Number of protein chains: 2
Amino acid sequence: MMISTKGRYALRIMVDLAQHKEEGFISLKIISERQEISLKYLEAIIGILNRANFVKSMRGKSGGYKLQRESKEYNIGSILRLTEGGLVPVNCSNCTPEHSCARGDECLSYPLWENLDRLVNDYLDSVSLEDIVEGRLVDKDIVIKFVDR
Amino acid sequence: MMISTKGRYALRIMVDLAQHKEEGFISLKIISERQEISLKYLEAIIGILNRANFVKSMRGKSGGYKLQRESKEYNIGSILRLTEGGLVPVNCSNCTPEHSCARGDECLSYPLWENLDRLVNDYLDSVSLEDIVEGRLVDKDIVIKFVDR
DNA sequence: CTTATTCCTACTATACCACAAGGTTAGTAG
DNA sequence: CTACTAACCTTGTGGTATAGTAGGAATAAG
């Protein structure tokens, strides 16, 4: 279980774009040099971001990319779900909250995966691109609380 | 980013063993039939559990496996870390809390990965095998709280 | 001694990751 | 108008991980 470079690079692209949002369209070449990531790989990744309208593109000379919205309008969860294709899925297709599968044991652990999934997504959705750029994560501790239903 | 079958099957083995702990040593054949998982794959997975002394084994006829400790003594995090080989590592080797890497942008997102890692591990460590078997997860809601340092 | 089981090594097929290569299209500076 | 630049598209590739399979050797019970 880990987060691949795809998602991390996507985040770094977005952070870079957010940091230099005053400079208009920024070419991948610049980002690639600044972030020390292969240009060709970046092309593939920003393609995903672009098709989802997370970034705006401009072709031709002095073209490049810029953020479509304000950096506080992006939450990290959506960026990661887009590029990684979902977070922490346990991929137990025959096992849903409604239709529980034949094996009682598998379904015993189902709530665990569901909780984990919610936890990760909730956290990642609570952090905005702006939070990252402003470095707001460092001065807060994060605790889990359990509440009776 | 996802949890592979290895970790999930390992958990299902442990749950199965916990549910039938009164029955002495339980053979993989039985578990394989009950859980509908290939015997051969199960052998590989329980080998990991066995070498880490999570389970006790008995060879020969009427041999099998049983839990080494009480089910409340196991937390899910340790089972998953063992079989999955670590949870949510971002694998940025050049980027640690002490030695921060050359790229300021990468390190901007580092606190995010660190928080995520802590969050996942804290949650998984807070759940015991007994909690799963007893179905204690369903009647609790889980919330994230942010506390100023 | 037979049978049932763990235990060990090796093999395989598929998929995904992390790129690289090469060319095409579109927009802009001069 | 032309040259250049940069996005965009398709395809390929080496490596690693996943999810198993196969076959056999060691061991203990009956």
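Numbers restart at 1 for each chain; the letters A, B, ... are given by sequence-line order, proteins then strands. Predicted, not measured: the structure shown is a model, and the values here were computed from it.
Residues A/Ile45 and A/Ile37 have side chains not in contact (no heavy-atom distance under 4.5 Å, counting atoms from C-beta outward). Proximity of B/Val15 to B/Leu11: side-chain heavy atoms (C-beta onward) are separated by under 4.5 Å at one or more points. In this structure, A/Leu49 and A/Tyr65 have side chains that are not in contact, with every pair of non-hydrogen atoms separated by 4.5 Å or more. Contact of the B/Arg81 side chain with the B/Asn75 side chain is registered, since non-hydrogen atoms from C-beta on lie closer than 4.5 Å.
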List every contact pair, protein side and nucleotides 19-22 of chain D side both N or O, where the distance is under 3.5 Å.
from   : atom 1 : to      : atom 2 : distance (Å)
D/dA19 : OP2    : B/Thr5  : N      : 3.1
D/dA19 : OP2    : B/Thr5  : OG1    : 2.8
D/dA19 : O5'    : B/Thr5  : OG1    : 3.3
D/dG20 : OP2    : B/Tyr9  : OH     : 3.4
D/dT21 : OP2    : B/Ser38 : OG     : 2.7

Measure all distances between protein nitrogen or oxygen atoms and nitrogen or oxygen atoms of nucleotides 11-13 of chain C, and list the pairs falling under 3.5 Å.
none

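Note that CD of B/Gln35 is 8.5 Å distant from CD1 of B/Ile13, once rounded to the nearest 0.5 Å.
With C/dT6, D/dC8, C/dA29 as the choices, the nucleotide that has an atom nearest any side-chain atom of A/Asn50 turns out to be D/dC8. Across C/dT25, D/dC4, C/dA4, the shortest atom-to-atom separation from the side chain of A/Arg59 is found for C/dT25. Comparing D/dA7, D/dA29, C/dT28 by their nearest atom to the side chain of B/Ser62 picks out D/dA29.
B/Leu42 has its CG atom 13 Å from the P atom of C/dC7, to the nearest Å. A straight line from CG of A/Leu28 to P of D/dC9 spans 13 Å, rounded to a whole angstrom. Spacing between atom NZ of B/Lys29 and atom C1' of C/dT6 amounts to 14 Å, rounded to whole angstrom units. The CD1-C1' distance, from A/Ile45 to D/dC9, rounds to 16 Å in whole Å. Going from atom CG of A/Leu49 over to atom P of D/dC8 covers 12 Å, rounded to whole Å. For the pair A/Lys61 NZ and C/dG30 P, the computed distance is 6 Å after rounding to whole Å. Taking atom CD1 on B/Ile31 and atom P on C/dT6, their separation rounds to 8 Å, with Å as the unit.
A heavy-atom distance below 4.0 Å to DNA chain C is reached by these residues of residues 51-58 of chain A, ordered by number: A/Met58.
Side chain of B/Arg34 to main chain of B/Asp16: no donor-acceptor pair is present (N/O by atom type, distance under 3.5 Å, no hydrogens or angles). Under the 3.5 Å distance criterion, the side-chain polar atoms of B/Asn121 are matched with a main-chain donor or acceptor of B/Asp117.
Using a cut-off of 4.0 Å between Lys/Arg side-chain N and Asp/Glu carboxylate O, A/Glu114 and A/Arg118 are scored as not salt-bridged.
In terms of the side chain to side chain contact (heavy atoms under 4.5 Å, CB included) criterion, residue partners of B/Arg69 (sequence neighbours excluded) are, by chain and number, B/Phe54, B/Glu73, B/Tyr74. In this structure, the side chain to side chain contact (heavy atoms under 4.5 Å, CB included) partners of B/Lys56, at least two apart in sequence or on a different chain, are B/Phe25, B/Lys66, B/Gln68.
Summarising the local packing, NZ of B/Lys72 is surrounded by 12 or fewer heavy atoms from other residues, nucleotides or ligands at distances under 6.0 Å.
Note on B/Tyr65: only backbone sugar-phosphate atoms sit closer than 4.0 angstrom, heavy atoms only; bases stay farther off. Among the atoms of the strands shown, none is found under 4.0 Å from any heavy atom of B/Ile46. B/Gly64 comes within 4.0 angstrom of sugar-phosphate atoms only, judged by non-hydrogen atoms across all strands, and of no base.
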Donor-acceptor pairs under 3.5 angstrom involving side-chain atoms of residues 127-149 of chain A: please list them, not counting sequence neighbours.
from     : atom 1 : to       : atom 2 : distance (Å)
A/Ser128 : OG     : A/Glu130 : N      : 3.3
A/Ser128 : OG     : A/Asp131 : N      : 3.1
A/Ser128 : OG     : A/Asp131 : OD2    : 3.3
A/Glu130 : OE1    : A/Arg136 : NH2    : 3.3
A/Asp131 : OD1    : A/Arg136 : NH1    : 2.5
A/Asp131 : OD2    : A/Ser128 : N      : 2.9
A/Lys140 : NZ     : B/Asp148 : OD1    : 2.6
A/Asp141 : OD1    : B/Arg149 : NH2    : 3.1
A/Asp141 : OD2    : B/Arg149 : NE     : 3.4
A/Asp148 : OD1    : B/Lys140 : NZ     : 2.5
A/Arg149 : NE     : B/Asp141 : OD2    : 3.4
A/Arg149 : NH1    : B/Val138 : O      : 2.3
A/Arg149 : NH2    : B/Asp141 : OD1    : 3.0

